[in-house]
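Below, each value reflects all heavy atoms present in this structure, side chains not excepted, and no hydrogens, waters or symmetry copies. Here is how names work: the chains are called A, B, and so on, in the same order as the sequence lines, proteins then strands, and each is numbered from 1.
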2 protein chains.
Amino acid sequence: MTVTYQALADELATSLIRQDPGSRVVSENELSRLHAVSRLTARAALQELERRHLVRRVRGSGTFVARRVEYRIAADMPPSFQATVRRSGGMPSMRLVDSRAVAPPPAIRTGLKLSPAAKTLRLTRLGSVDGLLASHTTTWLPLGLAPTLADRLGGAASLMQELTDLGFDPRRRWYRAEMDVVPVHIAEELEIEGRPLVWHTTGLNGDGPNGRLLEMTEAWMRPDVFQVRLELGSAP
Amino acid sequence: MTVTYQALADELATSLIRQDPGSRVVSENELSRLHAVSRLTARAALQELERRHLVRRVRGSGTFVARRVEYRIAADMPPSFQATVRRSGGMPSMRLVDSRAVAPPPAIRTGLKLSPAAKTLRLTRLGSVDGLLASHTTTWLPLGLAPTLADRLGGAASLMQELTDLGFDPRRRWYRAEMDVVPVHIAEELEIEGRPLVWHTTGLNGDGPNGRLLEMTEAWMRPDVFQVRLELGSAP
DNA sequence: GAGTGGTCTAGACCACTAC
DNA sequence: TAGTGGTCTAGACCACTCC
């Protein structure tokens, strides 16, 4: 039987499940030597594993077992990134990249039901899971909703936690998830090469089930980190 | 400036949007001649477009502009494949591949709340959009629920339409969507090469909001056909 | 400096499709 | 039979990371 790159990939895939997330995977050169195939064939096998989101490849560094976290989105789940990741056994962290008052894009203005002249506080944050870059989120909040919020988020604090501490009760009003080609500037910040498909979500949260609208968030999430699972209705 | 395969792909991508779905795209050989690059580089560009689901490649035949259909899944949408596709401007069709009485797998038995000894009618169907293979669905119904159903579905009839004609009012109770590596036997039936990620959905439908459970369906959907968009809550 | 993954070349054979 | 995409080889240079 001929050893194709698919067979190589399947063989590696079964051995990977016994390795710890983040641990090193055999390199292209090693693999080509071990199985007496060309480097391109060995490379094709590792790329196949990357397409299945089983490994993460870093130029100049190596190939590593992917750390995957189930990101379950359902009506009964809290609208918090950190809580959702922690529930799946991952260690989340957030870094505030930018914070400024801006005129919101039309879709955001409509979603938050703001007047045409209203401005918003826009927060840009990068999320990590177990120290690995994982998500890029942009949040718009009505300006004046929480003047002290930007200061409070300087550390690694959770936006949902801060809103709760301020006396709000954030709840999901609307949520959408799809897979889209990642925009160039997002790809750079998430250290993604090329233009692959990435999870793209948009959410609107309000104060309690019927109170005022609190914030709207757009997120791009690396699919080699998040196994997104969206559920409607109640589990059987 | 060096012409990389990414630049080639971007250039092709912008010209593709002016072409009709299903129309032929430049071949690997033509592309390599036109831009004076090796065939492997031209090939990499076309593979990049395939990863973005902009084209569909068929061995021995050629590369074609993908026919993409938005498949919106939301609480207010009817649980019907054909209705959902038609709403997005696609022409759906269904072919019954297999129909038989079987003991259901545990997850299905639990979902439909059946007794351990209960049997089900299992329908396997292949769905197409504009004549192109698009989905593989397996449906389990309590045996005896609708004795004439299998006969009625011999043609291209809609399961939801038939259930409605039989006096039922099918409604979504629960629905889950995620992306998974396609199993080998599904890949063969959907004419998918390799083991890429494919939409994987499971749904449970009942008679009206509170009536008896009607059916449970597992589906695998080609992502180069369906732009799946999942929504929770009501649109802003 | 050694090793890594990313890109590219110029060939080759294959299975398959369409005519 | 000609053309297509799928696989594979044996090289090469590059940018990058790690030590």
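- The side chain of A/L40 approaches C/dC8 more closely than any other nucleotide in the set C/dA12, C/dC8, D/dT4.
- OP1 or OP2 of D/dT4 lies within a sub-4.0 Å distance of a side-chain N or O belonging to B/N29.
- You'll find that the side chain of A/E28 is closest to C/dG6, out of D/dT4, C/dG6, C/dA10.
- Only B/R57, B/V58, B/R59, listed by number, bring a heavy atom of residues 48-59 of chain B to less than 4.0 angstrom from any atom of DNA chain D.
- Within the 4.0 Å cut-off from OP1 or OP2 of C/dG6, not a single side-chain nitrogen or oxygen of B/T4 is found.
- With D/dC8, C/dT17, D/dC18 as the choices, the nucleotide that has an atom nearest any side-chain atom of B/S61 turns out to be C/dT17.
- No side-chain donor-acceptor contact under 3.5 Å links B/D10 and B/Q6.
- Classification of the B/F81-B/Y71 ring pair by plane angle, with boundaries at 30° and 60°, yields tilted.
- With D/dG5, C/dG5, C/dC8 as the choices, the nucleotide that has an atom nearest any side-chain atom of A/T63 turns out to be C/dG5.
- When the side-chain nitrogen and oxygen atoms of B/Y5 are compared with OP1 and OP2 of C/dT7, one or more of them lie within a distance under 4.0 Å.
- Distance check, rounded to the nearest 0.5 Å: CG of B/L12 to CD of B/E48 gives 11.0 Å.
- The CG-P distance, from B/L31 to C/dT9, rounds to 11 Å in whole Å.
- Within 4.0 Å (heavy atoms only), B/S27 reaches sugar-phosphate atoms of the nucleic acid but no base atom.
- Checking A/R39 against A/Q6, the closest nucleotide of DNA chain D that is more toward the 5' end is the one next to A/Q6.
- In this structure, a donor-acceptor pair under 3.5 Å is absent between the side chains of A/E218 and A/H136.
- Within the model, atoms CE of B/M216 and CZ of B/R109 stand 12.0 Å from one another, a figure rounded to the nearest 0.5 Å.
- Within 6.0 Å of atom CZ in B/R87, 12 or fewer heavy atoms from other residues, nucleotides or ligands are found, so the atom counts as exposed in its surroundings.
- Nearest-nucleotide assignment on DNA chain C puts the 5′-proximal partner with B/A42, out of B/R24 and B/A42.
- Look at B/T41 and you'll find a side-chain N or O under 4.0 angstrom from OP1 or OP2 of C/dT9.
- The interatomic distance linking B/E30 (CD) with D/dA2 (P) rounds to 17 Å, in whole Å.
- For B/R33 and C/dT9, the CZ to C1' distance is 17 Å, given to the nearest whole Å.
- If you measure from atom CG of A/L46 to atom C1' of C/dG6, you get 13 Å, rounded to the nearest angstrom.
- Listed pair A/R43 / C/dG6 meets the phosphate criterion, a side-chain N or O lying under 4.0 Å from OP1 or OP2.
- Contact check for B/M179 versus B/W199: side-chain heavy atoms found under the 4.5 Å cut-off.
- For the pair B/I192 CD1 and D/dG6 C1', the computed distance is 17 Å after rounding to whole Å.
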